[in-house]
Amino acid sequence: MNTIQQNVGQILSEIPANVKVVAAAKSRTSAEVREVIEAGITIIGENYLQESQKIITEIGTKANWHFIGHIQKNKVKYIVPLFDMVETVDTIELAAIIDKISVRHNKTMNVLIEINSARESQKYGVMPENAKLLIEKICTLENIKIQGLMTMGPFLDDPEGLRIYFRQTKALFEEFKNLKLPNVEMRYLSMGMSDSYLIAIEEGANMVRIGTKIFGPRSY
Ligand SMILES: *Cc1c(COP(=O)(O)O)cnc(C)c1O
């Protein structure tokens with residue numbers, strides 16, 4: 001099996017320089033995360049607050065920390081001070097709590113709006129047709145800065161099937177960029193995982209979230 005360093009080297013060599021890699025670190029140890037940072041990755045994605053608290057405290061500002069899991073509202077007070085970006089904002093209620101806690105910390109929180117691009121009833125994310133209204137509401141919150149969109153897409157055996165959802169999310173990204181709303185700067189389009197990041201980049205992603213292909217197989 002390849003080392004983390006080899007995996008990161010291979011990924012960084014095959015993607016355009018403007019694409020940011022978020023190492024999706026759920027279930028990984030501080031030592032593994034340190035290895036990823038030493039190999040040249042600057043952004044670490046965490047799904048679970050409890051798991052990330054220890055790692056972020058240990059590693060601190062050597063990396064940028066993105067929350068990429070679903071957020072329970074009662075966890076926001078712990079997430080805001082720890083993280084540099086929340087990629088999974090999908091309701092005005094969640095955004096309002098993030099804003100309130102951010103005020104308390106004298107911080108402006110960078111967020112991405114999560115799009116439920118395949119319109120799956122059991123999935124998180126705002127429906128594509130409701131995203132514009134959501135962004136128009138969130139952009140009135142002073143301590144939140146919307147920096148782009150994120151999508152997961154459905155679980156499919158063939159990642160080629162994700163292409164259409166990536167393409168539709170990129171179209172929304174361009175539409176929202178042209179709205180020129182206050183506190184909205186459409187900079188990052190976060191889509192693509194280990195089996196789909198090359199397809200996502202072809203469809204306009206400039207941020208990819210990669211776990212297994214960096215760290216190897218995981219238990220959960
Ligand atoms: C785990 C995870 C990833 C990475 O998944 P891999 O298939 O291991 O690359 C990306 N995004 C989110 C939100 C995740 O939870």
Side-chain angles (χ1 to χ4, degrees), residues 1-12 14-15 19-29 32-33 35-37 39-53 55-56 63-72 75 79 82-91 94 110-118 120 122-126 147-163 165-166 169-170 173 188-220:
M1 210 169 73
N2 288 343
T3 64
I4 284 176
Q5 194 177 5
Q6 287 168 329
N7 291 340
V8 169
Q10 200 224 315
I11 291 165
L12 293 180
E14 70 185 358
I15 64 172
V19 176
K20 299 208 180 297
V21 176
V22 177
K26 57 180 171 284
S27 86
R28 313 301 177 171
T29 63
E32 288 173 294
V33 172
E35 255 191 87
V36 165
I37 295 167
I41 298 288
T42 59
I43 309 172
I44 308 298
E46 293 283 351
N47 292 63
Y48 305 108
L49 173 66
Q50 223 183 348
E51 191 175 88
S52 64
Q53 277 170 321
I55 295 182
I56 298 179
N64 274 289
W65 302 92
H66 287 199
F67 198 84
I68 62 173
H70 176 65
I71 300 195
Q72 292 162 282
K75 301 285 171 65
I79 288 171
L82 277 180
F83 283 85
D84 301 292
M85 181 182 278
V86 174
E87 293 201 20
T88 47
V89 172
D90 58 358
T91 65
L94 174 61
N110 299 314
V111 307
L112 305 183
I113 305 302
E114 182 176 1
I115 308 290
N116 184 351
S117 53
E120 297 169 279
Q122 75 281 20
K123 282 268 177 76
Y124 297 115
V126 62
Q147 293 211 310
L149 305 180
M150 178 274 211
T151 197
M152 298 275 289
F155 292 108
L156 302 173
D157 289 332
D158 181 2
E160 263 301 318
L162 288 163
R163 189 179 289 279
Y165 303 110
F166 292 156
T169 307
K170 164 72 168 168
F173 181 77
Y188 300 116
L189 181 55
S190 173
M191 46 188 203
M193 316 204 312
S194 288
D195 61 351
S196 60
Y197 66 96
L198 292 174
I199 294 168
I201 291 168
E202 282 172 13
E203 295 301 333
N206 60 12
M207 187 173 273
V208 293
R209 306 177 311 272
I210 304 178
T212 319
K213 188 145 182 190
I214 290 177
F215 295 99
R218 70 172 164 264
S219 49
Y220 63 94

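Atoms within each ligand, like the ligands themselves, are counted from 1 in listed order. Nothing fancy with the numbering, it's 1 onward along the sequence.
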Out of all atoms in ligand 1, which are within 4.0 Å of some heavy atom of Ile210? Include the element for each. 9 (O)
Are any of the N or O atoms of Ala24 closer than 3.5 Å to those of ligand 1? no
Would you check whether Arg218 reaches within less than 4.0 Å of ligand 1, judged by its heavy atoms? yes
Non-hydrogen atoms of Met152 versus ligand 1: any pair closer than 4.0 Å? yes
State whether Glu46 and Lys26 are salt-bridged, where the test is any N-O pair (Lys NZ or Arg NE/NH1/NH2 against Asp/Glu carboxylate O) under 4.0 Å. no
Separation between CD (Gln53) and CD1 (Ile79), nearest 0.5 Å, reads 9.0 Å
Just how far is it from atom OG of Ser190 to atom CZ of Phe173, taken to the nearest 0.5 Å? 10.5 Å
Relative to ligand 1, is Asn47 under 4.0 angstrom through side chain, backbone, both or neither, heavy atoms considered? side chain
Return the option from Arg209, Lys26, Met150, Lys213 holding the heavy atom at the smallest distance from atom 2 (C) of ligand 1. Lys26
From the options Val33, Leu82, Leu49, select the one residue that forms a side chain to side chain contact (heavy atoms under 4.5 Å, CB included) with Ile56. Leu82
Over 60° means perpendicular and under 30° means parallel, so classify the ring planes of Phe83 and Phe67, tilted if in between. perpendicular
So which protein heavy atom does [atom] come closest to, and at what separation?
{"atom": "atom 8 (O) of ligand 1", "answer": "Thr212 OG1, 2.5 Å"}
{"atom": "atom 9 (O) of ligand 1", "answer": "Ser194 OG, 2.5 Å"}
{"atom": "atom 10 (C) of ligand 1", "answer": "Met193 SD, 3.2 Å"}

For Thr88 and Glu114, test the side chains for any donor-to-acceptor distance below 3.5 angstrom and give the result as yes or no. no
Show the numbers, then the answer: is there a salt bridge (charged side-chain N to carboxylate O under 4.0 Å, His left out) between Arg28 and Glu51? CA-CA 9 Å; Arg28 313 301 177 171; Glu51 191 175 88; over 6 Å; no
